[in-house]
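Here's the structure we're looking at; comments come further down.
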There are 2 protein chains.
Amino acid sequence: MNTRPPTLEEVAQRAGVSTGTVSRVINNARHVSEKSKRAVQNAITDLGYVPNTAARSLASQRRGAVVLVISSDDPALFANLFFAEVITGVNAVLEETDLHLMLLLAASQRGRDRFGQVLQSRGADGVMLLALKENDPLSKMAEDSGLPAVHGGRSLDRAPQWYVDADNRGGARTAVEHLISTGRKNIATITGELDTHAGMSRYMGFREAVVLAGLSDKRVAHGDFSESSGAAAMKLLLDDHPDLDSVFVASDAMATGALAVLRERGKRVPVDVAVVGFNDIVTAQHTQPALTTVRQPIEALGREMTRMLIRLLNGEQPTSLILPTELIIRDSA
Amino acid sequence: MNTRPPTLEEVAQRAGVSTGTVSRVINNARHVSEKSKRAVQNAITDLGYVPNTAARSLASQRRGAVVLVISSDDPALFANLFFAEVITGVNAVLEETDLHLMLLLAASQRGRDRFGQVLQSRGADGVMLLALKENDPLSKMAEDSGLPAVHGGRSLDRAPQWYVDADNRGGARTAVEHLISTGRKNIATITGELDTHAGMSRYMGFREAVVLAGLSDKRVAHGDFSESSGAAAMKLLLDDHPDLDSVFVASDAMATGALAVLRERGKRVPVDVAVVGFNDIVTAQHTQPALTTVRQPIEALGREMTRMLIRLLNGEQPTSLILPTELIIRDSA
DNA sequence: TTGAAAGCGCTAACAC
DNA sequence: GTGTTAGCGCTTTCAA
């Protein structure tokens with residue numbers, strides 16, 4: 001059962017040509033006659049030849065693989081299928097090439113070391129980085145390695161050269177405009193961490209929409225994207241701004257916390273207070289009432305990151321991308 | 001920036017020893033004097049040497065990577081973070097080795113072809129297969145390749161030689177015993193697809209528990225693990241067995257559907273009818289009332305699959321594993 | 001358009 | 001305990 005797979009040389013013999021010619025056919029270079037091309041292809045199928053990846057890598061200096069590095073092991077990241085969706089997108093694009101996917105969770109020091117190994121040993125042709133924290137060392141490591149690297153999402157401190165990101169600002173604006181269009185005037189917001197790009201962008205989107213409509217942007221409370229922080233912020237808002245009629249919450253997790261507080265305080269949603277979240281996590285459709293929220297195109301993020309990396313690999317010049325979000329209207333607003 | 005990394009030969013020169021010695025140190029073979037060992041290690045750090053994986057693979061006939069193949073792109077699989085959790089477990093074990101992880105989604109024909117390539121080109125040293133359907137060709141492909149392969153979960157048709165699975169039967173039994181211990185006598189079940197190992201095992205677990213307690217095992221309706229099928233099955237049960245006081249449902253998705261029907265029919269949960277689900281999906285804690293369910297050790301599944309594969313790689317003889325499940329008691333039973 | 005041959009950087013067998 | 005060397009299977013010049 002474990003017979004050694006045929007080598008390129010054996011294919012050459014069978015086809016009656018040189019190894020050079022076989023190699024040319026396989027990598028479909030020009031300068032091969034139809035005749036020998038046919039002969040080689042037959043030999044390949046007859047023998048069931050498959051090139052040895054290690055040998056190919058060594059000779060060509062290309063690895064035939066890209067690595068997806070995920071920095072955070074934050075449950076919040078995983079909680080909305082983010083992970084699975086991104087990978088689905090990445091895989092879809094990779095399927096059309098002959099590149100393989102290596103996956104690395106690099107939250108720990110050990111993980112970062114392993115990432116360094118991959119980089120230094122040229123274990124991959126390119127890198128996709130996801131969910132980096134602020135000042136994440138991975139970003140610099142990738143840069144120093146000189147390997148092509150694309151980022152999913154941005155950080156506040158340093159815009160990566162190539163990235164794909166969701167339109168957090170536009171999404172927030174749309175969400176708030178939806179509130180406005182349904183007649184809300186006293187709109188509040190619960191922000192996420194403002195030292196993240198997403199947190200700040202969503203806050204900016206809120207302000208933009210509200211100021212453009214001639215409304216107040218003073219009803220603000222800060223959270224950290226977590227459910228409990230959303231609850232705490234909602235309490236503050238209710239105490240400080242009892243007149244509020246709606247709230248844009250920068251994450252669904254915080255919105256869930258806010259909803260619970262609203263219920264406690266006897267506020268009806270959406271009649272008394274309308275609520276819009278952000279992310280469209282799985283549980284958003286199961287809250288009471290179901291949460292109106294902004295959906296990010298996560299699978300598309302994976303796809304576009306991969307396309308971008310492939311362009312880089314081909315020596316082309318890609319351009320960074322901001323992907324549109326979508327407002328999912330349910331019952332809470 | 002893109003200076004060629006140092007080679008083993010350069011390390012040897014710097015350390016004043018032969019390449020053989022350097023190689024021995026790196027692969028920490030015995031028969032190296034402390035002296036040259038030290039010299040080599042210094043040279044390595046001085047030069048920042050990292051072995052070239054392709055060259056190493058070619059020479060050693062080992063790839064330094066294992067591949068995780070996921071067959072299903074079924075949302076049901078993804079819905080409960082299954083994916084993310086498995087990978088977290090796999091990664092944790094891999095971190096302790098110098099093996100890397102390749103990931104392949106092989107639901108499409110193209111994906112299967114790529115899997116075949118990896119197998120034939122010896123692109124990985126071993127294989128982990130997840131979420132195979134019945135009669136999935138991937139299983140046979142892996143077997144034919146002769147590469148070490150471990151399975152997560154089993155199928156009904158052919159027990160793989162090496163697998164890790166959750167104790168579906170035991171979990172179901174525990175769930176039903178919980179119902180019995182809280183005084184329920186007229187226990188019903190909604191099964192999953194009985195042509196899957198998990199579906200059948202859970203049904204078996206139900207029967208075991210109920211028969212052992214001297215209760216009837218006749219209150220049965222069949223679903224296909226989906227929410228809508230759970231709703232339909234619940235209606236049937238209510239019509240055929242109006243006396244039922246509880247129901248063990250073979251998946252949380254179906255349980256969610258059942259809960260909705262119970263509400264429609266004015267049955268109070270758990271007062272009139274207690275409900276236990278299976279899987280502990282994220283939304284289980286957000287149903288009304290929160291769902292009592294059976295949790296599978298998914299991360300552990302990933303970990304144990306990986307450990308098993310590593311044993312195989314080392315030429316050891318592992319043993320297949322059934323991992324215990326855990327009853328999560330919430331409000332519905 | 002094709003063949004021949006020199007590596008790619010490492011491991012492992014063998015000799016010392 | 002250490003050095004030497006012949007490959008691993010492919011790509012890629014360079015000639016022809």
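Below, read A as the first sequence line, B as the second, and so on, with proteins coming before strands; counting in each chain starts at 1.
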Revision key, fill the gap. Tightest non-hydrogen contact, residues A/Ser121 and B/Val50, listed as CB-CG1, 3.5 Å
Exercise for review: Please round to the nearest 0.5 Å and tell me the distance separating atom CG of A/Leu101 and atom CG of B/Leu101.
Suggested key: 8.0 Å
Practice item. Determine the minimum heavy-atom distance between A/Tyr163 and A/Gly153, stating which atoms define it. Key: CB-O, 4.2 Å
**Study point:** Bounds of contact between DNA chain D and chain A, in 5' to 3' order, using a heavy-atom cut-off under 4.0 Å
**Key:** D/dG9 to D/dT13
Practice item. Give one of base, sugar-phosphate or nothing for A/Ser23, where a contact means two heavy atoms less than 4.0 Å apart. Key: base
**Study point:** salt bridge (Lys or Arg N to Asp or Glu O under 4.0 Å) contacts touching residues 104-120 of chain B (sequence neighbours left out)
**Key:** none
Point to revise | Pairs flagged by salt bridge (Lys or Arg N to Asp or Glu O under 4.0 Å) wherever residues 44-63 of chain A is involved - sequence neighbours left out | key: A/Arg14-A/Asp46
Exercise for review: Would you please name every residue forming a side-chain contact (heavy atoms from CB on, under 4.5 Å) with B/Asn314, sequence neighbours left out?
Suggested key: B/Ile310, B/Glu316
Review point. When you check the phosphate oxygens OP1 and OP2 of C/dA12, does a side-chain N or O of B/Arg62 lie under 4.0 Å from one of them?
Key: yes
**Study point:** A/Ile26 CD1 to C/dT2 P, straight-line distance once rounded to whole Å
**Key:** 15 Å
Exercise for review: Enumerate the residues from residues 33-47 of chain A whose closest heavy atom to DNA chain D is under 4.0 Å, giving them by residue number; use none for an empty result.
Suggested key: none
Exercise for review: Not counting sequence neighbours, which residues clear side-chain contact (heavy atoms from CB on, under 4.5 Å) with B/Ala300? List them please.
Suggested key: B/Pro297, B/Arg303, B/Leu323
**Study point:** Partners passing side-chain contact (heavy atoms from CB on, under 4.5 Å) against A/Ser33 (at least two apart in sequence or in another chain)
**Key:** A/Lys35, A/Ser36
Practice item. Starting from the first five and the last five pairs of the helix from C/dT1-D/dA16 to C/dC16-D/dG1, work out the angle between the resulting helix axes, to 10 degrees. Key: 30°
Check your understanding: To the nearest angstrom, how far is B/Asn27 atom CG from C/dC10 atom P?
Key -> 11 Å
Point to revise | A/Gln120 to B/Pro5 - nearest heavy-atom pair and separation | key: O-CG, 4.2 Å
Revision key, fill the gap. Sequence neighbours excluded, the answer for side-chain contact (heavy atoms from CB on, under 4.5 Å) partners of B/Ser155 is B/Glu134, B/Asp157, B/Arg158
Review point. Can you name the nearest heavy-atom pair linking A/Ala65 to A/Leu99, along with the distance?
Key: N-CD2, 3.8 Å
Pairs under 3.5 angstrom, nitrogen or oxygen only, protein versus nucleotides 5-9 of chain C, please.
unit_1, atom_1, unit_2, atom_2, d
C/dC8, O2, A/Ala59, N, 3.4
C/dG9, N2, B/Ala55, O, 3.4

Review point. Listed by chain and number, what are the salt bridge (charged side-chain N to carboxylate O under 4.0 Å, His left out) partners of B/Asp165, not counting sequence neighbours?
Key: B/Arg154
Review point. Which is true for B/Arg30 with a 4.0 Å heavy-atom rule: it touches a base, it touches only sugar-phosphate, or it touches nothing?
Key: nothing
Revision key, fill the gap. Contacts of B/Arg24 meeting salt bridge (charged side-chain N to carboxylate O under 4.0 Å, His left out) (sequence neighbours excluded), chain-then-number -> none
